[in-house]
Every structure is written in C-alpha cells, then in structure tokens.
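Take a look at the structure set out below.
Below, chains carry the letters A, B, ... as their sequence lines are ordered, and counting in each starts from 1.
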Amino acid sequence: MKSQLKIYNTLAREKQVFEPQVEGHVGLYVCGPTVYSDVHLGNCRTFICFDVVHRYLVYLGYKVRYVRNITDVGHLVDDQDDGEDKIAKRAKLMELEPMEVVQHYTNGFHEMMDIFNCNRPSIEPTATGHIVEQIEMVQQILDKGFAYESNGSVYFDVKKYSESYPYGELSGRILEDLRSGTRELDGQSEKKDSLDFAIWKAASEEHIMRWNSPWGEGFPGWHLECSVMSQKYLGKTFDIHGGGMDLKFPHHECEIAQSVASYGTSPVRYWMHTNMVTVNGEKMGKSNGNSIMPDELFTGNHELLTKGYSPMALRFFILQSHYSNNFDISNDALQASEKGYQRLMNAYKVLQGLAYATNGTEVSEAEEQEVQKLIEQCHERMNDDFNTAETIAVLFDMSKKINSYNEKKLPISSISQETFESLKKTFTEFVRDVLGLKEEDAGDSGLTDELIGFILEMRNASRERKDWATSDQIRDKLTELKIQVKDGKEGVSWTVG
RNA sequence: GGUCGGAUGGCCGAGCGGCUAGGCACUGGUCUGCAAAACCAGGUACACCGGUUCGAGUCCGGUUCCGACCUCCA
C-alpha cells in the first residue's frame, strides 16, 4: 500500500527503488566543505538538502550512519598561484598555523549548520586525521599496478585502469574527448598521460602541510580522502554518496577509480548530486567571486537584497525547489518564500493548539478521504526522490484544512478523531522532523509573552469601552514593533514578524 | 570543441502523455468598530517549428536562447 522510496541515481541515470545493502541500515556519505574560507549559500544548499535526505531516512525508520568529511588538506588553487596549497596560502596571508585556519573555518561551518538547523553527521572525519590510511591506499593502488611514482609524487594510471574497468561512467566522459580538451597544467610533464591524477603529491619547499611517506614528504591527492574515509566508516560498498554536481567530474569519478583499483569493487550503490545555486543565472562559486554569504542574507547587507531574511525562511526557500534543479537567488523570490514560510509555520502553531472535538456534526466521508489522501501524499512526494517542493505543496493544502478547523469554518468533526490525530502527527513530523523547519521566536524568556498579554488586556478593556482611538494606538504601536495582533472569534492572538 | 542539463502564467517553482501543483502578487467575497490574520472564490502558462498519438508543457526530430562540467569548487 505504501509507496517505496525512489532515488535518482546519477550512475544509472534513472530513478531507482531504494533498497539498502543491509536491511534497516543506511550508509550515507556526503562530501563536506573545504575549510579554507567561509561557507557560501551554494555550500549550504547542498548540506541542507542532504540534511533532509538524512532526516527522511531516519523518519522512515532506518538506522543511518551519516558520514560527512572535512577537507582540511588544501587542494590546488588555479594557474595563478603555482599550485600552492590553498590552506597554506591562506595561512601565510593571515600569519596563522594551517591548522588554526582549518579550525577557524570548521567552527564557522558548524555554526552555520546549527543556524540552518542541520543535524550533525554521525562521523565527521578530517583528511589530516587519515593520512596513514591514505598512504596505505596509495600503496595498495601501486601494488595493484594502477599507479606509478614520478619525482616523489604518485599518479593514478587512467589508461591502464581503463583497460580493465570503465572510466568515466558516472559523468559520461569518454577518454578521447577528455584528452582533446586537456590544458597544460602544473606537473603535467611528470605524468604519463594528461588524464592521470595525483594520489600523492610531493611537497615543494614552501609547502607547510606535509607528511612523511614511502615516496618522500608530501600530501595526499585531491580525491583520495573520500575513498579512504568512506571505506573506513561505511565499508567497501555502501548505500548513498552525495555531493554537489560540480564534484561529479573529476572528484567522484576518481573516487570510483581509486576504490575499484585498490579493492576491486565499485564503492557506491546510489550516487546523488545536488544542483548549483546561481546568482543572475551564473553559478555561485568561490572562484567566480559572486558568492553570497549566509550572513549577508540574514542581515540584508547585499546589493541584491532589499532586506534580511531569517535562516529558516532561507531553508524553506531552498526546499521549495527540487535539489536536482539549479536554484536562482533573487530578492522577489526570497520575499515570496518568506511569506509562505510564515504562513506554513502559522498553521503549524495553530495545529499545536488544536484539539479534536465533536459538536454533533457527522463525519463526512468526502472530507475524511480528502484528508487521508493528503497524509498519504506527503509520504508519496518525499518517496519520489525527496521531492520537498511537492511535499510543501501538500503541507499548504493541509494548512488550509487546519486553518478552517481553527476558524470553525469547517467542523473539525467532519473528520474522525483518528484521522485528525493522524493529520496532526504527519503535519508536525514533516514540518519539524523531515523538513527540519522550526519556529523562529523572539528568542527570549516568557517575559515577552507576559508583557504582550498584559498590553492586549489593556487594549481589550478599551475596546469594550469602544475607545477605538486607544485600542488602535496600541495595535499600531505593536505593529510597528513587528508584533501582529490578530482579533479572532475566540479572542486575541499575536505573532512576531 | 566534447559531454550533459534547462526554457512553464506578473514573479518564484513543481509536474512530464489525459486528472486544480503550490507559494507570492493581484481581484471579488466572508469575518471585523476599522484593519490585519484566516477562510472562500477568480483570472492569466507551458521558448519556436514540425512529427507520433484518440489526446502532448509532458514523447520524437529540428531551431533559438541559457547554464553546468571538461581546471580547485557544494
């Protein structure tokens, strides 16, 4: 009766029914941030989307081991800085220890994830914490004959590998096409083939982050850490590997090659890729210089924005589109989402205070079925490749019902108590546990409640006297303070924002 | 150049062979001392040209425009 979870598997290029490798358990690996600068909104989108994936798997009852790495060994920057280690470069600039830089941005990343209400992963391994394992893997790949040493660096032999295994399957690359498109890069002369990639790189004089290895002092290659750490914590083959689209090639492709080369099996059963955040249609990226930082969104301190938007409004905004589509930021869209978010959370709040009651009205079969269908749809939509946009649409349909019950426009007893409780449970759990949205209150103690309660009592007294001038003055002042007064049939209520 | 993806109403954004997506904005109504909120109702759509089909935003072919990856990137 219940639909099954389907995931769009990048490797298969189609939606597939999700069946975990081990019944009841899911191994989930997500490529984490490179901690040499503050996370921008594009990074946040990916992590928020996978937070929902994680949350929904947990909601479905799976025991999930969620591994998300921290890349704290620098990767090569671009042609402009002679292949200097990113983290080392930043460290010199700021006259700090590399690990100090790493710690600084790791802390910032964690804070941002908390602000966005993202659950912490089960394990958050760092690349620098797994140097030994990475050296071991390099050795294994060498032993299998799929890599060679050159000037203290070790390169993966793509040509050799492609003779035994397919290379480029995930991203749909063809070796010849890749070759024709290659540019001259640093270290190209050390390679046998332009397509070969470093799995261990010899450290130059000024390179601060360096470790001893059988091939001399150096640091691990760009793609190795994920292969090593996913295998260590999730096994040689695990269920889901996620990351941004831009990692598909070469990062994920190389990961597959490394794993296959060292122990012969493909590491991942379902590959998931989130699409990019764009600004005016252009990909947001560190190197594009068009990054919008979360703080700029919160404060509104950005040329694109007329005002600030709360973290939860932003989270809601992100979840209103599907993770696989690109996602353009604009002030108008944000504004629309903010309003929608407030409407949804208002219904959430109303529902929490709503109790079932029979008032002699008979249960309507049509209403009963309609509500039950909505409940079912929530699950169906999430099961359809985590379609949060559609799920939210269903939640809005539910909101209409909830508000109608609350306003007594529709008798709550038009549905059975059982259905009502089921609606309440589903709506609450989907908003709070699956989508990870939470109410954003003024954030202080009960004092505010008490004070506003008192002020509203005063206003009611003046209203009873028909002293409209005073009552309006109170309401206007509260509105000015961003407190909205709502005169309902059952008395007065208020909300912030 | 190669590979892949996209073009949906005033804005955002789902859907992808027939069944109202949804949100925001707008209009009318209910409620209210007036408002707000809430509720009800309403309109506007699938880039272009062909084709397949009883029926196509939805499938196929072509055209135009846009983007991503091929180099670190979520």
*Determine whether more than 12 heavy atoms belonging to other residues, nucleotides or ligands lie under 6.0 Å from atom CD of A:Gln352.*
yes
*Salt bridge check: are A:Lys373 and A:Glu376 linked by an N-O gap of less than 4.0 Å?*
no
*Atom C1', compared across B:G23 and B:G62: separation rounded to whole Å*: 36 Å
*Which nucleotide in the set B:A74, B:A38, B:A36 lies at the smallest distance from any side-chain heavy atom of A:Asn346?*
B:A38
_Distance check needed: B:A25 P versus A:Glu338 CD, whole Å only._
11 Å
*With heavy atoms under 4.0 Å as the rule, sort A:Val39 into base, sugar-phosphate or nothing.*
nothing
_P-based separation of B:U58 from B:G15 [nearest Å]_ = 15 Å
*Starting from C1' on B:A74, measure out to CD on A:Glu255 and report it in whole angstrom.*
13 Å
*Using the P atoms only, state how far B:G5 lies from B:G61, rounded to an integer number of Å.*
12 Å
*How is A:Val394 classified with respect to the nucleic acid when contacts are heavy atoms under 4.0 Å: base, sugar-phosphate, or nothing?*
nothing
*Which nucleotide, B:G2, B:C73, B:A14, lies nearest any side-chain atom of A:Asp177?*
B:G2
*Can you tell me, in whole Å, how much space there is between the C1' of B:G10 and that of B:C69?*
34 Å
*Hey, does A:Met245 reach any base, or is it just sugar-phosphate, or nothing, if we go heavy atoms under 4.0 Å?*
nothing
_Taking the six-membered ring for Trp, are A:His252 and A:His273 closer than 6.0 Å centroid to centroid?_
yes
*Answer with base, sugar-phosphate or nothing: what part of the nucleic acid does A:Ala333 contact at a heavy-atom distance below 4.0 Å?*
sugar-phosphate
*asked:* Quick check: closest heavy atoms across A:Met382 and A:Phe430, and the distance to 0.1 Å?
replied: CG-CE2, 3.6 Å
*asked:* How many whole angstroms separate atom CZ of A:Phe316 from atom C1' of B:G23?
replied: 7 Å
*Could you check which of B:A74, B:A68, B:A38 has an atom nearest any side-chain atom of A:Glu407?*
B:A38
*Residue-phosphate contact under 4.0 Å: A:Arg343 side-chain N/O, B:C39 OP1/OP2*: yes
*asked:* Roughly how many Å apart are B:A21 and B:A14, using the C1' atom of each and rounding to a whole number?
replied: 6 Å
*Reckon A:Asn325 touches a base, only the sugar-phosphate, or nothing at all at heavy-atom distances under 4.0 Å?*
sugar-phosphate
*Testing A:Tyr341, A:Phe116, A:Phe327 for ring-ring contact (aromatic ring centres under 6.0 Å, His included) with A:Phe317, which one passes?*
A:Phe327
*Taking the P atom of each, how far is B:C48 from B:A7, in whole Å?*
13 Å
_Does B:A74 have its OP1 or OP2 closer than 4.0 Å to a side-chain nitrogen or oxygen of A:Lys286?_
yes
*Taking for each residue the nucleotide of RNA chain B bearing the nearest heavy atom, is the 5' side occupied by A:Tyr36 or by A:His322?*
A:His322
*asked:* What is the separation between atom NZ on A:Lys283 and atom P on B:C73, rounded to the nearest whole Å?
replied: 9 Å
*NA contact type, A:Lys400, heavy-atom cut-off 4.0 Å: base, sugar-phosphate, or nothing?*
sugar-phosphate
_Whole angstrom value for the distance that separates C1' of B:C4 from CD of A:Glu253_ = 13 Å
*In whole Å, what separates the P atom of B:G28 from that of B:A36?*
12 Å
*For A:Asn326 and B:C12, what is the distance between atoms CG and P respectively, to the nearest whole Å?*
13 Å
*Rounded off to whole Å, could you give me the CG-to-C1' distance for the A:Leu334 and B:A25 pair?*
16 Å
*So, A:Ser171 and A:Glu253: side-chain donor and acceptor under 3.5 Å apart, yes or no?*
yes
*Would you say the side chain of A:Val53 lies within less than 4.5 Å of the side chain of A:Met272, judging by non-hydrogen atoms?*
yes
*Integer-rounded Å distance: B:A74 C1' and A:Tyr29 OH*: 13 Å
*Would B:G61 be called syn or anti, given that syn covers angles within 90° of 0?*
anti
*asked:* Nearest to the A:Gln320 side chain among B:G22, B:A68, B:A38, which nucleotide is it?
replied: B:G22
*Is the shortest distance from a Lys or Arg side-chain nitrogen in A:Arg463 or A:Asp472 to a carboxylate oxygen in the other one below 4.0 Å?*
no
*At under 4.0 Å between heavy atoms, what does A:Arg45 touch on the DNA or RNA strands: base, sugar-phosphate, or nothing?*
nothing
_Can you tell me how far apart CZ (A:Arg68) and SG (A:Cys226) are? Round to the nearest 0.5 Å._
12.5 Å
*With sugar-phosphate meaning primed atoms plus P, OP1 and OP2, does A:His40 contact a base, only sugar-phosphate, or nothing at under 4.0 Å between heavy atoms?*
base
*Could you tell me whether A:Gly32 contacts a base, only the sugar-phosphate backbone, or nothing, with contacts defined as non-hydrogen atoms closer than 4.0 Å?*
sugar-phosphate
*Output the single nucleotide from B:G15, B:G13, B:A74 whose closest atom is nearest the side chain of A:Glu390.*
B:G15
*In plain terms, say whether A:Asp51 and A:Arg55 are close enough for a salt bridge, that is, a side-chain N and a carboxylate O under 4.0 Å apart.*
yes
*Should A:Asn403 be listed as having a side-chain N or O under 4.0 Å from OP1 or OP2 of B:C39?*
yes
*asked:* My validator wants the stems of RNA chain B: runs of 3 or more consecutive Watson-Crick or G-U pairs, both distances under 3.5 Å, written as range with range.
replied: B:1-7 with B:64-70, B:10-12 with B:22-24, B:26-30 with B:38-42, B:47-51 with B:59-63
Pairs under 3.5 Å (N/O, protein and nucleotides 30-34 of chain B):
from, atom 1, to, atom 2, distance (Å)
B:G33, O6, A:Ser471, OG, 3.4
B:G33, N1, A:Asp472, OD1, 3.0
B:G33, N2, A:Asp472, OD2, 2.9
B:C34, O2, A:Arg475, NH2, 3.2
B:C34, N3, A:Arg475, NH1, 2.9
B:C34, N3, A:Arg475, NH2, 3.2
B:C34, N4, A:Arg475, NH1, 3.1

*Should A:Thr34 be listed as having a side-chain N or O under 4.0 Å from OP1 or OP2 of B:C72?*
no
_Among B:A74, B:G2, B:C24, the nucleotide that comes nearest once only the side chain of A:Asp246 is considered_ = B:A74
*For A:Tyr323 and A:Tyr341, take the nucleotide of RNA chain B holding the closest heavy atom to each; which residue's nucleotide lies nearer the 5' end?*
A:Tyr323
*Quick one: closest heavy-atom pair of A:Leu224 and A:Gln258, and the distance?*
CA-OE1, 3.5 Å
*What does A:Gly42 touch in the nucleic acid at a heavy-atom separation under 4.0 angstrom: a base, only the sugar-phosphate, or nothing?*
base
*asked:* Roughly how many Å apart are B:C31 and B:A37, using the C1' atom of each and rounding to a whole number?
replied: 11 Å
*Check whether any side-chain N or O of A:Thr426 sits under 3.5 Å from a backbone N or O of A:Leu423 as a donor-acceptor pair, and report yes or no.*
no
*Reported CG-to-CG distance for the pair A:Leu344 and A:Leu395, which is rounded to 0.5 angstrom*: 6.0 Å
*Among the candidates B:A37, B:A25, B:A74, find the nucleotide nearest to the side-chain atoms of A:Leu247.*
B:A74
*asked:* Applying a 4.0 Å non-hydrogen cut-off, can you work out what A:Gln335 is touching in the nucleic acid: base, sugar-phosphate, or nothing?
replied: nothing
